[in-house]
Novice: 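Sharing a structure below in structure tokens format, with a few things to ask.
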Amino acid sequence: MQTAKQEAKIKPFFTMTRKRGLTGWLFLSVASALIILTSFYPFVRAIEMAMYSGAGTRMQFAGLVNFQRLLIDPHLKQVLSNTFLFLLVQVPMMILLGLILAAMLNDPKLKGKGIFRTAIFLPCAVGLVAYSLVFRQMFAVDGIVNTALLTFGILDTPYNFLGTAWSARMVIIIGLMWRWTGYNMMFYLAGLQQIEPSIYEAARIDGANVIQQFRKITLPLLRPMILLTAIMSTTGTLQLFDEPFNLTNGGPGIATRTIAFHVFNVGFQQSPNLGYASAVALLIFVIAAILGLIQIKVGDKRW
């Protein structure tokens with residue numbers, strides 16, 4: 001009888017709770033292995049490669065030479081300036097425009113909302129290379145933009161948009177806004193649909209106009225979404241490559257070359273040096289991390 005009681009007190013090792021925990025860890029281990037393989041391992045390899053110079057079988061250990069080269073690279077200052085110009089101009093405009101469009105398309109009285117939402121989001125589904133080539137044709141000397149400006153008498157002669165530094169930068173910014181504003185808009189639209197309509201109704205009863213509702217209700221309640229899209233847009237701009245490469249090939253000169261383009265150039269084109277390209281890529285990581293921390297500090301009130 002005593003033995004039976006002792007056996008009854010012994011619990012099996014694989015209880016239901018433990019089985020659920022092990023199952024969760026099993027699924028998590030697969031995702032963790034993929035993250036380590038595709039993210040952490042390349043990052044560690046980039047740090048290792050930054051200590052070497054050359055490419056392929058000709059790579060030799062160089063210590064901190066590549067990091068010292070960052071301080072004297074004549075092109076790095078220009079590509080950083082170009083990248084931050086795109087960052088400071090198009091990211092705030094894209095966020096603000098996405099917020100305005102989301103607020104407009106969240107109006108329950110608006111007819112055909114689905115069509116407008118699809119039309120604005122559709123550019124996100126267009127391939128990066130495809131839309132870059134379309135914009136290149138549109139803003140060419142004999143493109144549709146010059147044709148329209150000549151037809152309406154705004155210009156007397158065709159303007160070389162892609163051959164002039166500032167206009168080429170503006171074309172890239174317009175292209176980025178055309179493609180990615182709808183992407184941010186969908187995040188804001190999802191956030192707006194989680195806000196109780198009664199909050200806006202109470203604000204209207206208290207006499208708040210549309211602008212006051214936007215400033216006092218919409219913006220504070222969408223703060224997490226705005227922070228998320230700001231970080232994603234910043235990181236994406238620091239990795240900007242397709243548009244400058246396909247639209248202007250970084251020209252005229254290096255007027256539209258971004259830091260990600262610079263990584264490609266020094267790593268695979270101009271005297272290939274994968275070690276220095278890795279050092280520049282690590283600089284992108286450091287800049288993205290610093291900007292991300294600043295955005296979290298400013299945008300997240302819990303800090």
Side-chain angles (χ1 to χ4, degrees), residues 83-135 138-139 144-145 148 161 167 169-204 208-240 242-243 247 291-292 295-296 298-301:
T83 304
F84 275 96
L85 174 67
F86 297 141
L87 182 67
L88 294 174
V89 175
Q90 64 95 13
V91 171
M93 292 179 63
M94 192 165 58
I95 291 174
L96 180 60
L97 187 57
L99 282 168
I100 294 172
L101 290 172
M104 293 172 60
L105 294 178
N106 194 51
D107 186 354
K109 298 179 181 179
L110 181 65
K111 303 295 184 181
K113 289 184 293 186
I115 298 175
F116 290 118
R117 292 173 183 175
T118 303
I120 296 172
F121 181 75
L122 197 59
C124 300
V126 179
L128 289 168
V129 176
Y131 103 86
S132 297
L133 293 178
V134 169
F135 267 74
M138 287 174 57
F139 287 93
I144 188 173
V145 175
F161 287 98
S167 59
R169 294 177 184 131
M170 290 303 106
V171 170
I172 292 176
I173 289 172
I174 292 170
L176 290 170
M177 291 179 59
W178 176 82
R179 191 176 195 276
W180 295 110
T181 297
Y183 183 79
N184 287 346
M185 182 200 72
M186 296 305 292
F187 281 93
Y188 305 144
L189 198 56
L192 284 171
Q193 291 176 353
Q194 301 303 314
I195 301 175
E196 287 292 333
S198 58
I199 299 177
Y200 290 101
E201 184 65 28
R204 282 192 292 269
N209 57 35
V210 176
I211 297 177
Q212 290 173 328
Q213 292 176 38
F214 184 77
R215 288 179 57 247
K216 301 296 184 179
I217 299 176
T218 304
L219 289 180
L221 293 179
L222 285 183
R223 185 184 296 274
M225 286 294 185
I226 296 172
L227 177 61
L228 173 65
T229 54
I231 293 174
M232 291 194 303
S233 299
T234 300
T235 305
T237 304
L238 290 174
Q239 300 175 14
L240 184 63
D242 294 86
E243 288 81 357
L247 269 170
L291 292 178
Q295 289 171 326
I296 293 174
V298 173
D300 193 344
K301 294 301 183 181

Novice: How many angstroms lie between CG in Leu133 and CG in Leu128, if you round to the nearest 0.5 Å?
Specialist: 11.0 Å

Novice: Residues two or more places apart in sequence or in another chain: which of them pass side-chain contact (heavy atoms from CB on, under 4.5 Å) with Val145?
Specialist: Met138, Phe139, Leu149, Phe161

Novice: Side-chain atoms of residues 174-184: list all donor-acceptor pairs with protein atoms under 3.5 Å, sequence neighbours left out, distances to 0.1 Å.
Specialist:
from   : atom 1 : to     : atom 2 : distance (Å)
Arg179 : NE     : Val126 : O      : 3.1
Arg179 : NH2    : Cys124 : O      : 3.1
Arg179 : NH2    : Val126 : O      : 2.4
Thr181 : OG1    : Met177 : O      : 2.6

Novice: On a heavy-atom basis, which atom in Lys113 and which in Asp107 lie closest, and how many Å separate them?
Specialist: CD-O, 3.2 Å

Novice: Which atom pairs, donor and acceptor, lie under 3.5 Å between side-chain atoms of residues 115-122 and protein residues at least two apart or in another chain?
Specialist:
from   : atom 1 : to     : atom 2 : distance (Å)
Arg117 : NH2    : Leu105 : O      : 2.9
Thr118 : OG1    : Gly114 : O      : 2.8

Novice: For the atom pair CD (Gln90) and CD (Glu243), what is the distance rounded to the nearest 0.5 Å?
Specialist: 9.0 Å

Novice: To the closest 0.5 Å, what do you measure between CD1 (Ile173) and CE (Met94)?
Specialist: 11.0 Å

Novice: Under 3.5 Å, which donor-acceptor pairs do the side chains of residues 208-215 form with other protein atoms, sequence neighbours left out?
Specialist:
from   : atom 1 : to     : atom 2 : distance (Å)
Asn209 : OD1    : Ile211 : N      : 3.2
Asn209 : OD1    : Gln212 : N      : 2.8
Gln212 : OE1    : Asn209 : N      : 3.0
Gln213 : NE2    : Ala208 : O      : 3.1

Novice: Output the distance between atom CD1 (Ile226) and atom CG (Leu99), rounded to the nearest 0.5 Å.
Specialist: 4.5 Å

Novice: Kindly write out the residues that satisfy side-chain hydrogen bond (donor to acceptor under 3.5 Å, both in side chains) with Thr229, not counting sequence neighbours, or none if the list is empty.
Specialist: Tyr188

Novice: Could I get the full list of side-chain hydrogen bond (donor to acceptor under 3.5 Å, both in side chains) partners for Thr218, not counting sequence neighbours?
Specialist: Tyr200

Novice: Taking only residues two or more places apart in sequence, or in another chain, which ones meet Thr83 in a side-chain contact (heavy atoms from CB on, under 4.5 Å)?
Specialist: Leu238, Thr258, Ile259

Novice: Using the test side-chain hydrogen bond (donor to acceptor under 3.5 Å, both in side chains), find all partners of Glu201 that sit at least two apart in sequence or belong to another chain.
Specialist: Arg204

Novice: A quick test of your reading: do over 12 heavy atoms of other residues, nucleotides or ligands sit less than 6.0 Å from CD1 of Ile199?
Specialist: yes

Novice: Does a side-chain heavy-atom distance below 4.5 Å link Asn106 with Ile195?
Specialist: no

